[in-house]
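Nothing fancy with the numbering, it's 1 onward along the sequence. Given the structure is predicted, the values throughout are model-derived calculations rather than measurements.
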Amino acid sequence: MQSVLISGGGIAGTALAYWMHRHGFAVTVVERAAAPRLGGQAVDIRGVALDVVERMGLLERARGARTRMRGMSVLDPEGREVERSTEVALSSGRLDSPDVELLREDLVRMAYEHTRADVTYLFGDSVTALADGPTGVRVEFAHRPPATFDLVLGADGLRSTVRRLAFGPAERYTHHLGSYLSVFSADNFLGLDDWQLWSRDGEVGFAIMSARENTELRIAFGFESAPLAPELSDPASLRRLVIDRLAALRWEGDRLAKAATDAPDFYCDAMSQVRMDHWTRGRVALVGDAGYCPSPLSGQGTSLALVGGYVLADCLARAGGDHEAAYAHYERRLRSYVTLNQALATENPGQPPTESAMTHAKNALALDV
């Protein structure tokens, strides 16, 4: 039985862990956080990714946890409603669509609970060094003794440590898309009832939606910006920047700024894509945002992570232990699907993919080929 280390316990990592175990691998997942991460925006399972989740046995659970929005309002900078819809929500598309929108943390929790009996999870630790050799990869950890694995799979997101260690600095592969996005939760001080609000004021904008049976808000705030200097890009500086820009809003600026100040799950990062000629090297492979982040502007990051994990595990299983052949097959099978989905972020940024775009993307990938 081949041993596999997966770096990252998010959507990509937990889904990949499921498929690798199912195909007979001994799987260990290392996750920097002390437990499955909470917080994050609503995410969408679309197109062929619905087939993947169904094959995992989680589709009905995912549908049971969906956000169930009734509609949305578009506000002007003063907070006046200028448009409303009970047919479409900008976060997810048509409300009668078969796609599933749910909170990121709910999907991670489902996949974790689905795998924890069969997969070894190492929380509160991270990879610090990799030495790829002819018989395995020697891995050094921040807190545990070194260990050797047959394969190492990086599912550790846009700022992937595995990618940096195996492929080089992030600057070679990450491409800034001209903006930053912050996501955080708050009490439902707006009294939204399965509803979402969208607004834009110059170079900043926000989306606010109710969650958890209307007891919470999930707030996504974006602003246009060139890449920030390193001294302005640490978590504390980014939070301060977001708070200041929220406070300047003409509608609910003070309360939104306070929510960002108090949020225990505050997140902010650049909107970027990861573009690589190859997602594999030696015994190391990348999955999801680590290898081909499309950015939240595409609306397809979750689907790419789910599909990428399925395809990689399937290729490894079919190759009968030959990781070089498996990795080559993985690159061939997934490349067109990734390219089409990444294009959504620049062709129609921030909007749900059209039915035509999803059909083209699905046709680019046959799960059983």
Name each donor-acceptor pair under 3.5 Å that joins a side chain in residues 161-170 to protein atoms two or more places apart or in another chain, with its distance.
unit_1: R163; atom_1: NH1; unit_2: L158; atom_2: O; d: 3.2
unit_1: R163; atom_1: NH1; unit_2: A290; atom_2: O; d: 2.8
unit_1: R163; atom_1: NH2; unit_2: L158; atom_2: O; d: 2.7

Above 12 or not: heavy atoms from other molecules or residues under 6.0 Å from CD of E213?
-> no
Co-members of L38 in a cluster of I, L, V, M, F, W and Y side chains, linked at under 4.5 Å | none
Those residues that, when tested against Y121, pass ring-ring contact (aromatic ring centres under 6.0 Å, His included) (two or more places apart) | Y112, F123
Under 3.5 Å, is there a donor-acceptor pair between the S73 and E81 side chains?
-> yes
If you look only at distance, which donor and acceptor atoms sit under 3.5 Å apart when one is on a side chain in residues 56-65 and the other is two or more places apart or in another chain?
unit_1: E60; atom_1: OE2; unit_2: R63; atom_2: NH1; d: 2.8
unit_1: R61; atom_1: NH2; unit_2: E113; atom_2: OE1; d: 3.1

Give a yes-or-no answer on whether the side chains of Q300 and N341 include a donor-acceptor pair shorter than 3.5 Å.
-> yes
Side chains of N188 and S210: do they bring a donor and an acceptor to under 3.5 Å?
-> no
Could you tell me whether a side-chain N or O of D150 sits under 3.5 Å from a main-chain N or O of V4, the two making a donor and an acceptor?
-> no
For L75, does its backbone N or O pair with a side-chain atom of S199 as donor and acceptor, under 3.5 Å?
-> yes
Could you pull out all residues at least two apart from Y173 that satisfy ring-ring contact (aromatic ring centres under 6.0 Å, His included)?
-> none
Just jot down the ring-ring contact (aromatic ring centres under 6.0 Å, His included) partners of H323, sequence neighbours excluded, or say none.
-> Y327
Compare all side-chain heavy atoms of H21 with those of T115 and state whether any distance is below 4.5 angstrom.
-> no
Salt-bridge criterion met for R240 and D244 (N-O under 4.0 Å) = yes
